[in-house]
Amino acid sequence: MSLTLYNTLTRSKQPFEPIDSERVTMYVCGPTVYNRVHIGNARPAVVFDTLYRVLNTLYPKVEYARNITDIDDKIMKTAAELGENISALSARYAQAYFDDMAALNNLSPTIVPYATQHIPEMINMVARLIDKGHAYNIDNGIEGEQGHVLFAVQSMADYGALSGRSLDDMLAGARVEVASYKKYAGDFVLWKPSADNEPGWDSPWGRGRPGWHLECSAMIEKHLGDSIDIHGGGQDLIFPHHENEIAQSCCAHDGKPFANIWMHNGFINIEGEKMSKSLGNFRMVNDLLEQYPGEVLRYVILSAHYRSEQNFGKDLLDSAWRSLDTLYGFLRTQNDTQAASVDISDSDAYSALLDDLNTPMAISELHKLAREMHCAEGANLPLAKGRLLAIAGLMGLLQQNPEEWFTLSRGGDDISAEQVEALIAKRNQAKADKDYAGADVVREELKLLGVVLEDSREGTKWRRG
RNA sequence: GGCGCGGUAGCAAAGUGGUAAUGCUGUGGACUGCAACUCCGCCAUCGUCGGUUCGAUUCCGACCCGCGCCUCCA
């Protein structure tokens, strides 16, 4: 029973062997907090949260860090537009991010480092990189150039290993104008000067702020160590962000390996198109949460393999909701059954998760387990329920009370539970009187209010649907 | 131009060298006063063309189609 993960670095699946099995380390790139996050930001959070849960079944201690980038030009721009204090703005959106992620049943990472709280560590790393000849600062007194510190990519032999590019290739397709002060076109910024009206910190190279890639390297070094087990993020971060992180960290540590396994989740598209400003098709998590339970979003994300592209759309969300209704429906009939604690290590679902986080397979097994529970009798019932909930729990699914699940608001103006119960009582009286027409009128009335009735031997259950 | 990914039922999505999980939808039936839920059944030959093989959706090659990245977008 061992974990296998796909490593972007080697472009193959490989057995996971932690550097220190007493302390497994994982770092995932978090959001830049200048806006509410969209569903694409939620994917890595859900995927790596699931991996975190799985790792916790295998190792006694897992250190999972997910950063908050709270200093960035986009934040500065937004703050200026809104006339809001930068730190207030970033704090507001960081909290919004936490709220959104919690709504998707993501556990809190063990460490949530903020970029602005690690400026000394970043400056220290830049200084070391300069000392070791991997970086240089621009000290020519020219306005707009003075105060930059750049990483010299040519100083690193295997720069480009993660993204599989040679330096020549990178420059051949470059779409961006090269700043003239760079010694080499591919060099990237470690530290940049701040104008008086911009946020900045004093440094040996003048008042300025860190480049984007630097914060992750510095925070990983501080909280997780020079070498970590797993580094994750979206596929788009492979180049340049992760490539540059590797450059910074490896060179600061004299060539020590940085992350053993690099994992990258695929993109989420909307109705077949990439989310983009020009298309105006961003789907913000908090907007979706007004129409769908967070668990539906999570189920959708987990219903595709994390490395593949996923196409978000209304059909998918509705379908996921129906699927969860079925699963919760089974659990609802066993609400009085006490789930037994069980060993899931030999289950197909667990094996699927260990196989590079094959969540679609695991969800498939989840449905089989639900059906097994549905068919189980006697002493097998608590065991079957235990298995179902344990596997589901590894994916952050099916953890709420089924009764509450079915009475969750599904958007629109909801009739209160008391009113529903009153109408059900009225209908049951009509049924008792053999006034089926009258009973159907009530049921139809409820249906129009978004409430579906289910008669059973134990009485009438209802759900919003 | 460089690097990389993908094309499986109406939709979504796994998977395997020996004729394809699972969910949603649709559909036939059972159950039900009627429904709903649930249960039983049905609905694909895996982009195209070749090759390797006893046998390929799964390996190799070509082609067609779609997509991503190439300096700050998860």
Side-chain angles (χ1 to χ4, degrees), chain A residues 8 11 28-32 37-48 69 72-74 153 160 163-166 168-179 182 185-189 211-213 232-241 243-244 264-269 272-277 282 299-300 303-305 307-311 313 315-327 329-330 332-333 348 352 355 358-368 371 374-375 431 434-437 439-440 443-444 447 452-456 460-463 465:
Chain A
T8 304
R11 309 211 180 264
V28 175
C29 291
T32 301
V37 295
H38 53 69
I39 189 65
N41 293 293
R43 193 175 193 187
V46 169
V47 164
F48 292 105
T69 299
D72 175 272
D73 288 7
K74 288 192 294 292
V153 296
S163 52
R165 299 153 206 265
S166 69
D168 291 344
D169 291 343
M170 289 180 213
L171 300 184
R175 300 180 301 193
V176 173
E177 213 172 307
V178 177
K182 290 186 179 179
D187 292 350
F188 61 89
V189 173
W212 176 41
H213 315 300
Q235 240 154 32
D236 57 320
L237 296 181
I238 294 174
F239 189 88
H241 185 51
E243 197 71 77
N244 291 349
H264 294 96
N265 61 275
F267 263 53
I268 284 179
N269 296 326
E273 290 178 309
K274 182 177 172 175
M275 278 190 281
S276 71
K277 275 200 181 112
F282 281 101
Y299 185 99
V300 168
S303 68
H305 186 83
R307 275 190 282 119
S308 62
E309 208 169 70
Q310 184 173 33
N311 198 7
D315 290 352
L316 197 55
L317 289 158
D318 291 340
S319 165
W321 202 336
R322 298 298 303 271
S323 298
L324 281 167
D325 278 347
T326 301
L327 292 169
F330 286 135
R332 188 187 206 182
T333 63
D348 290 340
D355 180 17
N358 192 337
T359 53
M361 175 77 92
I363 286 180
S364 162
E365 294 297 327
L366 208 57
H367 283 95
K368 291 179 185 170
R371 190 163 301 193
H374 193 59
C375 300
K431 279 174 67 179
K434 302 278 190 219
D435 174 16
Y436 292 121
D440 288 348
R443 188 170 64 196
E444 197 57 31
K447 191 178 175 188
V452 178
L453 299 186
E454 293 174 17
D455 291 332
S456 75
T460 301
K461 292 179 194 288
W462 65 279
R463 62 185 171 88

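Order of the sequence lines fixes the chain letters, A, B, ..., with proteins taken first and strands second; residue numbering starts at 1 for each chain.
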Determine the interatomic distance between C1' on B:A21 and the same-named atom on B:C31; round to the nearest Å. 28 Å
Does a side-chain N-to-carboxylate-O contact under 4.0 Å join A:Lys368 and A:Asp348? no
Would you measure the distance from the P atom in B:U45 across to the matching atom in B:C37 and give it in whole Å? 29 Å
So, do A:Phe267 and B:G68 meet the stacking rule of ring centres under 5.5 Å and planes under 30°? no
Which of the following nucleotides, B:C69, B:U71, B:C67, is nearest to the side chain of A:Pro240? B:U71
OP1 or OP2 of B:G15 versus the side-chain N and O atoms of A:Asn358: is any pair under 4.0 Å? yes
Could you work out the separation of B:C43 and B:U8 based on their C1' atoms and round it to a whole Å? 15 Å
At under 4.0 Å between heavy atoms, what does A:His241 touch on the DNA or RNA strands: base, sugar-phosphate, or nothing? nothing
What pair of heavy atoms forms the shortest contact from A:Gln310 to A:Ala304, and how long is it? NE2-CB, 3.6 Å
Along nucleotides 28-41 of chain B, 5' to 3', which nucleotides get a B, which get an S, and which get a -, given that the test is a protein heavy-atom distance under 4.0 Å? -----BBBBSSS--
B:U53 -> Watson-Crick or G-U wobble partner, both distances under 3.5 Å, gives none
Touch check for A:Lys74, heavy atoms < 4.0 angstrom, all strands: base, sugar-phosphate only, or nothing? sugar-phosphate
Any donor and acceptor pair, going by atom type alone, linking the side chain of A:Asp187 with main-chain N or O of A:Val153 inside 3.5 Å? yes
Report which part of the nucleic acid A:Ser308 touches: base, sugar-phosphate, or nothing (heavy-atom distance under 4.0 Å, all strands). sugar-phosphate
Could you measure between the two P atoms, the one in B:U52 and the one in B:C60, and give it in whole Å? 16 Å
Among the nucleotides B:C70, B:A14, B:U22, whichever has the atom closest to the side chain of A:Lys368 is B:U22
With rounding to the closest Å, how many angstrom separate the P atoms on B:C24 and B:G61? 39 Å
Nearest-Å distance once atom P is located in both B:U22 and B:A14: 15 Å
For nucleotides 5-12 of chain B, 5' to 3', base contacts (B), sugar-phosphate-only contacts (S) and non-contacts (-) with protein non-hydrogen atoms under 4.0 Å give -------S
From the set B:A13, B:G68, B:A74, return the single nucleotide nearest to any side-chain atom of A:Ala304. B:A13
First of A:Ser364 and A:Gly30 reached from the 5' end of RNA chain B, by closest nucleotide: A:Ser364
Taking the same atom, C1', in B:A44 and in B:G26, what whole-Å distance lies between them? 15 Å
Considering only atom P, compute the distance from B:G15 to B:G1 and round it to an integer number of Å. 32 Å
When both hydrogen-bonding distances must be under 3.5 Å and the geometry is Watson-Crick or G-U wobble, what is B:C69 paired with, if anything? B:G2
Relative to each other, are the rings of A:His213 and A:His241 parallel, tilted or perpendicular (30° and 60° limits)? tilted
So A:Ile268, base contact, sugar-phosphate only, or nothing? Heavy-atom distance under 4.0 Å. base
Across the strands shown, which category fits A:His264 at heavy-atom distances under 4.0 angstrom: base, sugar-phosphate, nothing? nothing
